[in-house]
Amino acid sequence: MLDIQLLRADIEGVAAKLKARGFSLDVAEFSALEADRKAVQTRTQELQATRNSLSKSIGIAKSRGEDVAPIMTQVAGLGDELKAAEEKLAYIQTRMQELLAGVPNLPHESVPAGKDADENLEVSRWGTPRVFDFEAKDHVDVGAALGLDFEAGAKLSGARFAVMQGGAARLHRALAQFMLDVHTREHGYTEVYVPYMVNADSMFGTGQLPKFEEDLFSTFKNADEKLYLIPTAEVPVTNLARGEILAAESLPRKYVAHTPCFRSEAGSYGRDTRGMIRQHQFDKVELVQIVKPEDSYAAHEELTAHAEKILQLLELPYRKMLLCTGDMGFGSAKTYDLEVWLPAQNTYREISSCSNFEAFQARRMQARYRNEKNKPELVHTLNGSGLAVGRTLVAILENCQNADGSVSIPPVLVPYMGGVEKLGS
RNA sequence: GGAGAGGUGGCAGAGUGGUUGAAUGCACCGGAUUCGAAAUCCGGCAUACAGGUUCUCCUGUAUCGGGGGUUCGAAUCCCCCCCUCUCCGCCA
């Protein structure tokens with residue numbers, strides 16, 4: 001959520017920046033509401049002040065045993081106008097909040113302008129895509145012999161679900177364990193275990209609600225309270241700070257969590273229908289940092305490097321992309337995507353997305369810390385995949401496949417595989 | 001699932017209709033004392049929003065788990081919900 005003060009001070013400037021990311025701000029509606037708000041709020045508060053002081057004098061008069069009837073009639077005269085004013089103010093404020101809640105974050109000045117993914121900027125490449133001396137198969141074909149079973153997933157749950165057995169399942173688990181170990185031991189993150197279902201307040205806090213409800217799975221906790229399945233651990237982990245005033249010394253907070261993620265993938269019909277790339281349920285190891293505002297851009301570089309480190313250790317070629325204004329997520333001020341090389345697709349595919357949200361989520365969550373002046377100030381929040389486990393499995397199956405259909409395990413994973421160096425054949 | 005207790009400021013903990021945004025203690029900040037420190041003393045210390053002002057200041061409004069109600073006036077009374085704790089039952 002943007003600072004409403006910013007919109008009041010310079011709505012045209014804000015609208016221009018939002019336009020760069022393809023969002024059209026309803027300046028007219030906002031301005032009209034703002035004009036109304038100012039008048040109605042001032043009047044409401046005046047009336048409330050009058051009522052309060054009259055009520056107070058009733059108390060005083062009563063304690064002195066004086067007749068309070070004249071004051072009572074005076075205060076009664078306020079009733080109707082006050083009630084009407086309060087109702088109108090509540091309506092205006094609700095409407096403004098709704099409007100504001102749907103406005104995406106402003107892009108950071110270092111973000112290139114662009115319309116869509118085609119205008120993202122390649123920042124760097126690591127590793128060299130392997131040249132195969134045989135026809136490289138895709139992960140579906142490689143995985144079939146190793147226990148990766150999409151038909152079973154479809155039988156149990158439908159499209160976009162998979163079952164893994166034996167070696168594939170073991171490799172999947174090994175990847176998550178490995179990532180957690182690297183981030184906790186070498187990168188200083190605290191491992192957290194969090195709920196996989198969260199309430200609407202949490203979803204609002206990180207920005208999934210109210211705008212993206214159709215992307216979420218949900219269930220009813222009781223007749224009128226919904227619980228949402230997390231689309232990423234970012235939601236429960238970042239919301240740990242919701243409503244808190246953190247001690248400055250406790251920052252930065254660095255969390256890593258391994259969770260399943262659930263996404264309805266509404267609107268992606270026909271895309272990535274084959275294989276594990278786009279599933280309704282997948283595992284991810286997520287990095288979250290909660291930092292002081294002045295540290296967030298350094299933290300963003302650091303967090304991205306932490307995700308890159310996993311790819312490097314696994315010896316998977318990747319490139320780092322700086323997303324342009326038009327391709328960034330709703331709440332992000334700046335995002336790097338890491339894209340891993342997939343030989344069967346002959347291209348790089350997203351395996352991690354690392355974003356700095358600045359105060360956008362913190363404002364929605366009222367997540368603050370005490371600054372040097374001892375005043376509460378909004379923190380900055382960041383997160384990034386470190387990495388998406390399912391897609392990492394895909395990358396290993398494809399990049400490390402052998403002509404005989406087996407898959408060589410990256411050396412760093414061998415200890416996590418009980419010493420197994422090769423799956424299949 | 002049954003029975004009971006409770007949710008108040010960073011923390012602990014008073015407060016059952018009226019100058020209560022809220023006693024007191026701790027923590028924290030400033031000052032005094034001291035060669036310095038501890039102890040002691042004095043003062044300050046919630047958040048959000050609005051208006052004025054552009055001062056790091058004044059005025060106002062809202063906020064005592066959440067929502068609704070009664071009332072001129074609600075932390076305090078009524079209703080609904082959420083959460084925490086204790087005991088019993090059940091259970092991984």
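So that the names make sense, note that chain A is the first sequence line, chain B the second, and so on, each numbered from 1. Note: hydrogens, waters and symmetry copies are ignored here, and every other heavy atom, side chains too, is used.
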Nucleotide of [options] approaching [X] most closely (side-chain heavy atoms):
X      : options             : result
A:Q45  : B:G51, B:U61, B:C72 : B:U61
A:Q366 : B:U19, B:C72, B:A48 : B:A48
A:Q48  : B:G18, B:A62, B:U47 : B:A62

For this session: In plain terms, say whether A:R160 and A:E265 are close enough for a salt bridge, that is, a side-chain N and a carboxylate O under 4.0 Å apart.
Result: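 Between A:E265 and A:R160 there is no salt bridge, as every charged N stays at least 4.0 Å from the carboxylate O atoms.
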
Problem set entry | N-O pairing of A:D283 and A:R173 below 4.0 Å |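 Salt bridge absent between A:D283 and A:R173.
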
For this session: Using only heavy-atom distances, decide whether a donor-acceptor pair under 3.5 angstrom links the side-chain of A:K56 to the base of B:G18.
Result: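 No, no donor-acceptor pair under 3.5 Å.
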
Scan [X] against the nucleic acid and name what it touches under 4.0 Å (heavy atoms): base, sugar-phosphate only, or nothing.
X      : answer
A:A49  : sugar-phosphate
A:I58  : base
A:R368 : sugar-phosphate
A:Q5   : sugar-phosphate
A:K38  : sugar-phosphate

Problem set entry | Any A:N52 side-chain N or O less than 4.0 Å from OP1/OP2 of B:A62 |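 For B:A62, OP1/OP2 do have a side-chain N/O of A:N52 under 4.0 Å.
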
Exercise. OP1 or OP2 of B:A62 less than 4.0 angstrom from a side-chain nitrogen or oxygen of A:R51, does that happen here?
Worked result: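 For A:R51, the contact criterion (side-chain N or O under 4.0 Å from OP1 or OP2 of B:A62) is met.
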
Problem set entry | Whole-Å gap separating C1' (B:U71) and CD (A:E86) |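 Distance, rounded to whole Å: 14 Å.
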
For this session: Specify the separation, in whole Å, of atom CG of A:D3 and atom C1' of B:A48.
Result: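 Distance check: A:D3 CG to B:A48 C1' gives 12 Å.
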
Problem set entry | Pair assignment for B:C64, Watson-Crick or G-U wobble, requiring both distances under 3.5 Å |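 Because no pair has both required distances under 3.5 Å, B:C64 counts as unpaired.
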
Problem set entry | CD (A:E301) with more than 12 external heavy atoms under 6.0 Å |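 Result for CD/A:E301: enclosed.
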
What interatomic distance, in whole Å, is found between [atom1] of [M] and the corresponding atom of [N]?
N     : M     : atom1 : value
B:C29 : B:C45 : C1'   : 7 Å
B:G9  : B:G25 : C1'   : 13 Å
B:A22 : B:U8  : C1'   : 9 Å

Listing, residues 197-207 of chain A side-chain donor-acceptor contacts under 3.5 Å, not counting sequence neighbours, or none:
from, atom 1, to, atom 2, distance (Å)
A:N199, OD1, A:D201, N, 3.4
A:N199, OD1, A:S202, N, 3.0
A:N199, OD1, A:S202, OG, 3.1
A:S202, OG, A:R242, NH2, 2.8
A:T206, OG1, A:S202, O, 3.2
A:T206, OG1, A:Q208, OE1, 2.7

